[in-house]
Amino acid sequence: MTTETKVQSHHVVEELDHVTIRFAGDSGDGMQLTGTQFTKTTAVFGNDLATLPDYPAEIRAPTGSLPGVSGFQISFASSDIRTPGDAPDVLVAMNPAALKTNIGDLRKGGLLIVDEAEFNASNLKKAAYASNPLEDGSLAAFQVVRVNVTRQNELALEGLPISAKQKFQSRNFYALGLILWLYGRVTDTTVKWATEKFKRNPDVLEANLRALRAGYNFGETSELFRVRYDVPPAKVAPGTYRHISGNEATALGFVAASVLSGLPLFYGSYPITPASDVLHELSRLRNFGIKTFQAEDEIAAIGATIGAAYGGHLALTGTSGPGLALKSEGLNLAVMTELPLVVINVQRAGPSTGMPTKTEQADLLQAMFGRNGDSSVIIVAPATASDCFYMAIEAFRLSLKYMVPVIYLSDGYVGNGSEPWRIPSLDELPKIEYHYAEPVEGDFNPYQRNPETLARPWAVPGQKGLEHRVGGLEKSGESGDISYDPGNHHRMTLARVGRVARAVQDVPLLEVTGPDSGDLLVLGWGGTYGALTTAAERARAAGKSVASAHLRYLNPFPGNLGDVLKSYKKVLIPELNTGQLSLLIRARFLVDAVPFNKIAGQPFKIAEVEAKIDEVLGLRGPYELEFGPASVLGGG
Amino acid sequence: MTTETKVQSHHVVEELDHVTIRFAGDSGDGMQLTGTQFTKTTAVFGNDLATLPDYPAEIRAPTGSLPGVSGFQISFASSDIRTPGDAPDVLVAMNPAALKTNIGDLRKGGLLIVDEAEFNASNLKKAAYASNPLEDGSLAAFQVVRVNVTRQNELALEGLPISAKQKFQSRNFYALGLILWLYGRVTDTTVKWATEKFKRNPDVLEANLRALRAGYNFGETSELFRVRYDVPPAKVAPGTYRHISGNEATALGFVAASVLSGLPLFYGSYPITPASDVLHELSRLRNFGIKTFQAEDEIAAIGATIGAAYGGHLALTGTSGPGLALKSEGLNLAVMTELPLVVINVQRAGPSTGMPTKTEQADLLQAMFGRNGDSSVIIVAPATASDCFYMAIEAFRLSLKYMVPVIYLSDGYVGNGSEPWRIPSLDELPKIEYHYAEPVEGDFNPYQRNPETLARPWAVPGQKGLEHRVGGLEKSGESGDISYDPGNHHRMTLARVGRVARAVQDVPLLEVTGPDSGDLLVLGWGGTYGALTTAAERARAAGKSVASAHLRYLNPFPGNLGDVLKSYKKVLIPELNTGQLSLLIRARFLVDAVPFNKIAGQPFKIAEVEAKIDEVLGLRGPYELEFGPASVLGGG
Amino acid sequence: MTAATNGLIGSDLPVLTRKDFVTDQEVRWCPGCGDYSILAQMQKMLPELHIPRENIVFISGIGCSSRFPYYVETYGFHSIHGRALTLATGLKTARPELTVFVVTGDGDGLSIGGNHLLHAMRRNLDITVILFNNRIYGLTKGQFSPTSPLGKVTKSSPYGTTEQPLNPTRIALAAGATFVARSVDRDTRHLEETLRKAALHKGTSFVEVYQNCNIFNDGAFDAFADKEVRQDRMVYLEHGKPLRFGKSLENGVRLDGFVAQVVMNAGDEADLLVHDAHTENPTLANILVGMDYPDFPVPIGVFRDVQHPTFEALIEQQVEEARQKDAPNFEELLFSGETWEVV
Amino acid sequence: MTAATNGLIGSDLPVLTRKDFVTDQEVRWCPGCGDYSILAQMQKMLPELHIPRENIVFISGIGCSSRFPYYVETYGFHSIHGRALTLATGLKTARPELTVFVVTGDGDGLSIGGNHLLHAMRRNLDITVILFNNRIYGLTKGQFSPTSPLGKVTKSSPYGTTEQPLNPTRIALAAGATFVARSVDRDTRHLEETLRKAALHKGTSFVEVYQNCNIFNDGAFDAFADKEVRQDRMVYLEHGKPLRFGKSLENGVRLDGFVAQVVMNAGDEADLLVHDAHTENPTLANILVGMDYPDFPVPIGVFRDVQHPTFEALIEQQVEEARQKDAPNFEELLFSGETWEVV
Ligand SMILES: Cc1ncc(C[n+]2csc(CCOP(=O)(O)OP(=O)(O)O)c2C)c(N)n1
Ligand SMILES: Cc1ncc(C[n+]2csc(CCOP(=O)(O)OP(=O)(O)O)c2C)c(N)n1
Ligand code: SF4
Ligand code: SF4
Ligand SMILES: [Mg+2]
Ligand SMILES: [Mg+2]
């Protein structure tokens, strides 16, 4: 498969195991598009890869301004890869603002490609550059390649009957072409895509194709690049693949739950970043009988979802942190009435409005405890973009079996990040069972529990003879009448909490990567999977006795978690919060787990975790994050 | 003082150290009044005492029905006393329903006084009695005294120009007179009160006084009572006393905070049981410049309170469990904008609507963690009715000093329960300091922190030169401009959590009752103080090495808590929840504390705690509550 | 058993009686409470709908009024304070074939639940909403509500309230409700008839019922609703009929431009205002809702009754059309977008 | 320093200019957004109030519109979604001497914040509320809002919405607002004047501003608000003046009973509807708010402007009267009720 893509060239070809590239420019420069196109080509080529888009917080910040910078990072390799990479090896900066905000991350000695045409006075001012970095030597640490992209592109497009603005807007194809050349890739995928995309607009199509070719040829002809690079394909499992983001996978997973259970899906939600995409995805699927409902607020969204659950539908609601806070009273009604529903929380940096476009894992304790009374729910958390698909199915499998609400904790990093995904066939997926209550002889007891699961019957309106009343007041076990009896409340509370504990019988055991006992276990949950697993892997490669395990089920914990913890001298728990999982682990198992906390709105870098591992192993002194202490004992 | 109340009598007088009496009847029978009157007399007499009213959940249930029963329990003693008592020694039952719902609690061999006139067919039916308990021997275990109260009372009131209904309604004074006689008390206090209360209605006054006297004399003349009892006064600290309920003390305490700080008090609230009384109390005090605001919902209530805090007022909001859930998003805005305010949560049994009129301690973890992001607040909890006054002052002292919201966790038991209170003089109370930001040279930095407290300046509108903007988005330290900088978010998060940790310097050290080291520490918090302390005391009296300590500051914990815990072989944590404090203690100090959980909407009985203590000390086998297991490891 | 929702519906329509809608639960309202009458009329009316009990759902919030579902032998949901309408919206959207009633109070529906009321009205789901307006918080023992008059002294307003009340009927109209009516607990005939009309209307029906709380706000409506004065101080709205009131309907209401005027002893020729409940123009209903005692007789009956497509029907239509256009195929969906093979 | 609130107020009233109300913050709206114009008119208008900047507070919720406070050099609070009015209520009640503006959007103010809008309007605090109505959710990138027309296709309604929109001005009127007006972002003169009137009104002022979101709902108001067609398709409401529109005001609006009618080329004698903003009777305002393009010219200006006592004034009055009757004495309060001595 490599051969067909190898391109003849007089340049030296250097083989690499993995490369990280970041495209950065103004929101208007189409960097997301450039990134996705390069990603597709890379995927089709057969590399394993991971990507991370980085949008500006504002809808449209002024052109050329620092807040207006948009970036897209891709890491691809000939071996298996789990994160978009720590420090880019290559940075493409389309203007001064893009350089200013991204150069800090480029690895020393890394390759920097800039459009020198854009480094004019006005742009430098907008980026708050006192002097031109291309001239003042401040970039000495990097291999700087100055390309006059704007001008070259204009020349290539000369004579086309399109506006100067349109010509300018095709610069990103020039940059794309250049990078494709640099990594020995063909332009087929992009050409195919563009031809389809612009078929109604031949001139723009022509412009983009010319730009693409021009960039590609510039690499080939100019003397600016001594070497070009080759990252051979990875050995990935055979099958049909697609590229998928976490939020797409989440939406697809819940559609799958509907297909697998045969229950129609209802989605009640109120838009909020970064969860809105799930609403957008699902609202397109009316043909699957999916009813999406954009409510007036989060409270109405969960209220409607409870109504749908009571009506016997697959009831789903979704939001992000502040919205989960608003849903807490409603969620408690679902806990009390023991109805099955799932709450998606795509976590973002908090507290309060916080940093809506940045990621964090700080809603775990809110999910566990954010309701009045002793109120226990099941909690699951996808570990990667594609894992969102499988955990969505799990969420409903457990909710329907135990008649208990489930909180699905995704986050901005998992939701917006994307990766190649081998599309499963339906028969690889679990069946989802549910049971509507059947008519009974004599009185119907809406709170008579299944002895194995402690679940109460799901009696949906329309079923003759099961007329009954539920509500938020305490109900007497069995009959379901309002009860203020002390013993009844005690037993009902234990049963409600107990149901969730029982679900452990349906939670797969925790798998450990690395030795099943040793010096250190790195334990994580949710979106940090890539960085943690890779850091532990590298530690092992360096001969250290380090294993890693990742929790996708937070409540109840997998049944073997206690034994796993006991098998290691030390336990390190890195989290993007002040120590929320740590708190639960310490309380439950009384192990002196070491928390590693980064609360910066950004994922862990592999190197950060490696450094912390060394600290805990006593191989180095205390480790600090570049911007502060790395361990808090707080947990909210 | 005793002498003047000793009454001549031919009966044998038996001296007791303490007695528990419960008055029970229909909501219409005026049992609350009877109880309060007896309480006042007992207080004035000089006994220490504790009371617990028990209202029906419904506003007005049908007369004579089981849900319509209303009760009032008082425990009084010649030594100091902390709970209204486990099992009453005396039960006064004004009708069959009252007997049915209360007889289960009367201690075996206890004295039962019934109004036999009410045990007619229709009343027995309403109480679902198959046969008349006065006849069928089912009361053999008790000393039953049958008094035809209704008839006797009618005779005493003969000739008065009032309706039969009014005569019937004075029965409670008859019962009161009888009990006053039984415990050698004088009727002065009640006579004085009635004379004032009914001055506009001489006939009703006369009726009540006659009824009172009739009951008193009946005791004296009838041969039904062989002995009468004498409970000598307790040695309580000299001073002026009043009787006060927890909710009254809460309201008074916050008024005190206003007086002590010189800041006007704003109270934004939405009615909810059992917190509404605080709103009622405060809304009467316009003359103190107190502005109460009944909002459209809990969200508006805390929103308005944040507005008042921003405006430089002493900002207070109050609710119960479900309302706290609704306030969580708003509370997080106060956490993020770092404004001082206090949230009262008078806890009730949950989850969801739960049992609104019953008590529970199950909102501790919601208070700790019920918000998105790493969001830390200060948490205090009064231990008794009168302690509410002092903890209210503490709440604002800490909130204003650290510029952080404080949650004040009372509960239905503390709020509705009452006790005699020695009224403090103002100079016994702490000063409350606050500082409005002053105009500065150059730019004003709204997030420049006080190095000692980490508090940010309180810049209130109206102050020239301090114009600035706050909000729920992350702010850059110092300047307060919106910031998405990773390091800034990390540092700000640590500072927000850190402020609360710093407050430990203002939290008094935890006091231990009993040996400062030994076999067992009984650790509790909030409204369980009485039962826990007394149980531990009794254990010591029985020669066991048991100490007790009670937390009134839950976040941060007192600085010496870790050392205290380490000083005992075992730690027992009884809570009216599934183990919420246990979870925090285990996580923070890694001690294997034993949880003792009762989730029945009722306070602990002293005997229950004693039994559990013996279990933990290995002096008995596993202890179970009458209605179920007594230990859960859950915590919500 | 399957979710094919029709599979859930009993096909035969049994003949039911009032008693069939009475539950075994002991009714827990104060003796004398107006809620009893509303419950009785509802139980009288329900059999006439000829809808099997299992296809009827009563949803309420929290309040004395909201205990209603416990007493009606159908499916029932006693939800949380102010949110009944949100549950009803989800249930009716998911299960259009069910008959959904919502019972709420002036606090539940207009204080904490006000926003949901606005949005339910504009969405026009086919549900029936009954708001028990006793102008007080009953269950929490007597605080003022959003419908309590300015200056009202209550437990939480010992100096009197300082805010103008909301008029529930006016709000429902402003939000675009397609059926808006008002009745009184003690006018049992009118109440039952109004409940029936509301239940039969296709679209959101809103009924405000003046309800006496004899414990915390006794007599709030006596001035015009008492038997003795009723005919003189209330006017019964009937579509197509002139507005007449008085013991022998001797008085009437006319319009001077858009201003209502009372005409005492109006002869037959008098050009009295003729009620039109079916006009799309909301002005007439707004004029009527502005009439209040003592300046005017209080209007009782149906203010507005128009036909608009329902929310759930429009969604069903989208589902159907989408299915026609593009039959659902999950495999296809999984494989949609750019895909590639690895061998 | 003390809380005696007046102590906080600078007494001298400085002469301020537009620039004094501009902050150092870079404005973060999309180029071409209607919000820029509203900000500019506000900054032009503020100096004319002659209120020291430190006594002015801008409070907003969340949305593009709600970023407003960052750009006005006064005290500012960018709160949470839908709750700005609740903060304003608490602040104004606590500190009546401050001038409080609330900036909200059609989602912030009518979707999640709808209930607070109803209750703020009826309470009549002396605050000024400006609702930026772009009929879309801007900040979250283009979902429909409660003011989006039925059938609107957006990111969250690819098949079109299935619900009738709310009319913000109608809701404000129904809730009893004492000042209700409407303006358009691009009619700068009218907008500035409307903002001034709103700010000067004593009581709650509600202003709906039609605002163009050129990214997610471009041209929503062009049909009648564009410079070319404006005079023919909008009618400017002026108290005491007849409703006239058209390039040379040749057309007008008259009433047939309570039904509005357009009169083209209405001569001077034509009995055109004369606007009365000061009448307590809400009917006229309701008729006007019912007028919409294309059937009618869209009314712009002040619909209603009446005087009622403000919430905060009534509370201050209670405080004063209570103080007169019963001077505060905390010691006395502590010792109130039954007390007894233990020696
Ligand atoms: C979230 C929440 N807030 C407050 C309450 C307390 N509460 C219960 S009912 C009610 C108001 C009842 O008034 P209304 O709706 O008019 O019903 P009514 O009792 O008058 O019939 C309140 C404030 C609650 N149960 N839940
Ligand atoms: C509790 C909560 N829910 C949802 C959001 C997401 N959100 C922010 S602004 C907004 C709506 C914005 O629309 P609008 O109020 O019309 O303001 P615009 O951006 O159009 O000016 C939403 C849904 C949020 N920030 N907080
Ligand atoms: S309190 Fe009022 S509304 Fe509630 S049940 Fe009693 S009378 Fe009815
Ligand atoms: S998204 Fe729309 S409303 Fe928001 S700033 Fe851009 S143009 Fe304005
Ligand atoms: Mg009410
Ligand atoms: Mg908008």
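Proteins come first, then strands; the chains are lettered A, B, ... in the order of their sequence lines, and each starts at number 1. Any value given below was found using the heavy atoms of this structure, including those in side chains, with hydrogens, waters and symmetry copies removed. It should be emphasised that the depicted structure is a prediction, and the values quoted were computed from it without experimental measurement.
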side-chain contact (heavy atoms from CB on, under 4.5 Å) between C:Val209 and C:Val184, worked out: CA-CA 5 Å; C:Val209 181; C:Val184 187; 5.8 Å; no
Is [X] in contact with chain C via its backbone, its side chain, both, or neither, using a 4.5 Å heavy-atom distance?
X: B:Ala295; result: backbone
X: B:Leu326; result: side chain
X: B:Ser65; result: side chain

Part of [X] lying under 4.5 Å from any heavy atom of chain B:
X: C:Ile62; answer: side chain
X: C:Ser79; answer: backbone
X: C:His78; answer: neither

Taking the cut-offs as 6.0 angstrom to the six-membered ring centre and 45 degrees off its axis, would you call B:Arg286 and B:Phe288 a cation-pi pair? no
Cationic tip of B:Lys291 within the cone over B:Tyr267's six-membered ring, i.e. under 6.0 Å and within 45° of the normal? no
If the plane angle is over 60° it's perpendicular, under 30° parallel, otherwise tilted; pick one for C:Phe68 and C:Trp29. tilted
Is the C:His81-B:Tyr270 ring centre distance short of 6.0 angstrom? yes
